[in-house]
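Here the structure is laid out as structure tokens; the discussion comes afterwards.
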2 protein chains.
Amino acid sequence: MQIVHKTRTQLVAEAIREKILCGEIKAGEPLRQAALAQELNVSRIPVREALMQLEAEGLVNFEAHKGATASEISATQVAETFELRALLEAELLKHSIPNLTKSDFDVAEQHLLKLEKAMAKGDAMVATGELNTEFHNALYSGANRPQTFEIVASLNQNCSRYVRMHIMLAGGLETAPEEHRQILDLAKKGKIKKACEALKQHILAAKDDIQALLTKLEDEQ
Amino acid sequence: MQIVHKTRTQLVAEAIREKILCGEIKAGEPLRQAALAQELNVSRIPVREALMQLEAEGLVNFEAHKGATASEISATQVAETFELRALLEAELLKHSIPNLTKSDFDVAEQHLLKLEKAMAKGDAMVATGELNTEFHNALYSGANRPQTFEIVASLNQNCSRYVRMHIMLAGGLETAPEEHRQILDLAKKGKIKKACEALKQHILAAKDDIQALLTKLEDEQ
DNA sequence: GCTTTGTATTTTGTATACAGTCTACCAGTT
DNA sequence: AACTGGTAGACTGTATACAAAATACAAAGC
């Protein structure tokens with residue numbers, strides 16, 4: 001284990017990111033540099049730099065001379081994000097499967113077991129968050145496509161607050177665990193096309209679920 | 001025409017971006033904050049912020065305490081970038097065509113005529129650069145997918161220096177003009193699938209060309 | 001009363017100054 | 001000669017201070 005030196009900018013970025021993703025900062029809310037700086041006990045410079053990073057990640061909108069706001073995502077934008085994920089993750093899986101070894105599959109299997117255990121314990125938050133991402137990433141580890149991978153990671157992060165919200169309000173996705181198992185099995189058998197198709201459906205099903213919820217919330221206002 | 005106030009950070013970002021894209025700063029070369037600040041007659045703060053933006057765009061690598069370098073792109077990475085473009089641009093076109101009106105097609109036609117004229121004049125640099133992007137974007141104007149659009153724009157920018165290099169060394173892509181015409185015609189006729197397929201081939205053909213050149217250059221060293 | 005103009009206040013943008021980290025080089029040791 | 005430890009210089013990271021822009025609000029004109 002290597003110790004890593006983190007700059008204040010990075011620490012601040014993590015802090016603000018978490019605030020946005022867990023809903024402590026609501027969408028549209030302005031982010032005052034001075035206030036954040038004081039709260040986190042740093043100067044405004046690292047706060048500014050962190051905000052710019054978060055803008056690149058899509059979590060924040062930054063307008064010159066007007067400041068930053070937590071970016072709002074509409075139901076239609078969520079749809080686009082998930083459709084992009086479906087497209088890109090299927091592409092990753094397609095290129096990954098031929099390069100996956102037995103031990104790679106074992107790793108994926110481990111992640112899936114952890115995920116199923118968490119789900120059985122009713123711990124949907126963790127299961128749909130980190131564990132879910134880890135399982136997916138394990139499947140893509142053979143793709144050797146760093147750019148695609150990074151875009152997918154960014155998309156995931158971007159919509160993760162909506163996924164979390166969905167879990168809170170609707171208890172999470174019921175069918176996800178079986179779908180995961182199915183995708184892994186197809187991948188193991190080398191059925192690339194079917195595995196990719198199942199993955200796409202898996203992601204698009206989540207989209208429909210979350211979009212329905214968001215549309216309902218928007219209508220209520 | 002509205003006058004737009006640009007911050008120094010934005011101006012610096014544009015300046016450095018151009019330096020990288022036109023080859024004045026070579027890949028791998030370190031970008032010293034103090035030197036850039038002095039050259040552009042600003043302090044180091046806007047330089048830092050510009051470099052971070054460029055990192056988000058993928059043009060620069062930024063390592064804590066070590067500084068920024070113009071990012072190197074290998075032949076395999078160029079391949080990935082173009083394949084991503086093929087995938088995402090086809091997706092944009094697919095969603096755009098049903099929404100394109102007569103006047104949208106007219107705009108695309110205008111761009112294409114300009115492009116062909118520039119090409120006939122032997123002005124491949126402009127034709128393969130801005131004009132090419134404008135034509136492509138016109139085709140995607142009905143897609144209504146801002147995120148996808150932005151990713152594509154970023155990918156384009158990222159590899160544009162290699163496209164420019166290719167033009168310098170090999171005179172540009174010979175078949176591109178006819179391919180453009182063909183894509184536009186298919187789109188006008190509403191033949192979505194065929195148009196998307198042609199677009200993919202168009203982009204992948206450029207990939208093969210540039211990749212061949214890059215591999216040759218890498219071998220020579 | 002409504003619009004316009006001027007001013008105070010808040011907030012962001014940038015310069016300067018200082019602190020922390022990395023790198024390269026050199027002396028001393030084995 | 002190879003290795004360790006230490007030191008100086010270069011460069012980046014961050015705090016502070018000041019400048020510029022945006023905003024809110026009050027006063028003047030119609």
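Order of the sequence lines sets the chain letters (A, B, ...), proteins ahead of strands, with each chain counted from 1. Values in this document were obtained by computation on a predicted structure and should not be read as measured data. Every heavy atom of this structure was used, including side-chain atoms; hydrogens, water molecules and symmetry mates were not.
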From [X] [atom1] over to [Y] [atom2], what is the distance, rounded to the nearest 0.5 angstrom?
| X | Y | atom1 | atom2 | value |
| --- | --- | --- | --- | --- |
| B/Arg8 | B/Ile45 | CZ | CD1 | 13.0 Å |
| B/Ile183 | B/Leu199 | CD1 | CG | 5.0 Å |
| A/Glu80 | B/Gln147 | CD | CD | 5.0 Å |

Distance below 4.0 Å between A/Gln33 side-chain N/O and C/dG13 OP1 or OP2: yes

Counting just side-chain N and O atoms, does A/Thr7 come under 4.0 Å of either OP1 or OP2 of D/dT12? no

Check residues 27-38 of chain A and write down every donor-acceptor pair under 3.5 Å in which the side-chain atom is one partner and the other belongs to a residue at least two apart or another chain.
| residue | atom | partner | partner atom | Å |
| --- | --- | --- | --- | --- |
| A/Glu29 | OE1 | A/Lys26 | N | 3.2 |
| A/Gln33 | OE1 | A/Arg44 | NE | 3.2 |
| A/Gln33 | OE1 | A/Arg44 | NH2 | 3.2 |

Round to a whole Å and report the spacing from [atom1] of [X] to [atom2] of [N].
| X | N | atom1 | atom2 | answer |
| --- | --- | --- | --- | --- |
| B/Leu40 | C/dT14 | CG | P | 13 Å |
| A/Glu63 | D/dT23 | CD | P | 9 Å |
| A/Arg48 | D/dG13 | CZ | P | 16 Å |
| B/Gln38 | D/dT12 | CD | P | 13 Å |
| B/Leu36 | C/dT14 | CG | P | 16 Å |

Across the strands shown, which category fits B/Leu31 at heavy-atom distances under 4.0 angstrom: base, sugar-phosphate, nothing?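 If one applies the 4.0 Å heavy-atom cut-off, B/Leu31 turns out to touch the sugar-phosphate alone, with no base involved.
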
Scan B/Arg32 against the nucleic acid and name what it touches under 4.0 Å (heavy atoms): base, sugar-phosphate only, or nothing.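 Counting heavy atoms under 4.0 Å across all strands, the contact made by B/Arg32 is with sugar-phosphate only.
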
Could you run through nucleotides 15-21 of chain D and give me one letter per nucleotide, 5' to 3': B if any protein heavy atom sits under 4.0 Å from the base, S if only the sugar-phosphate is that close, - if neither? BB----S

Just wondering, are more than 12 heavy atoms of other shown residues or ligands nearer than 6.0 Å to CD in A/Glu150? no

Atom CG of residue position A/Asn144 - does it have more than 12 heavy atoms of other residues, nucleotides or ligands inside 6.0 Å? no

Choosing from C/dC22, D/dT12, D/dT23, which nucleotide comes nearest the side chain of A/Lys66? D/dT23

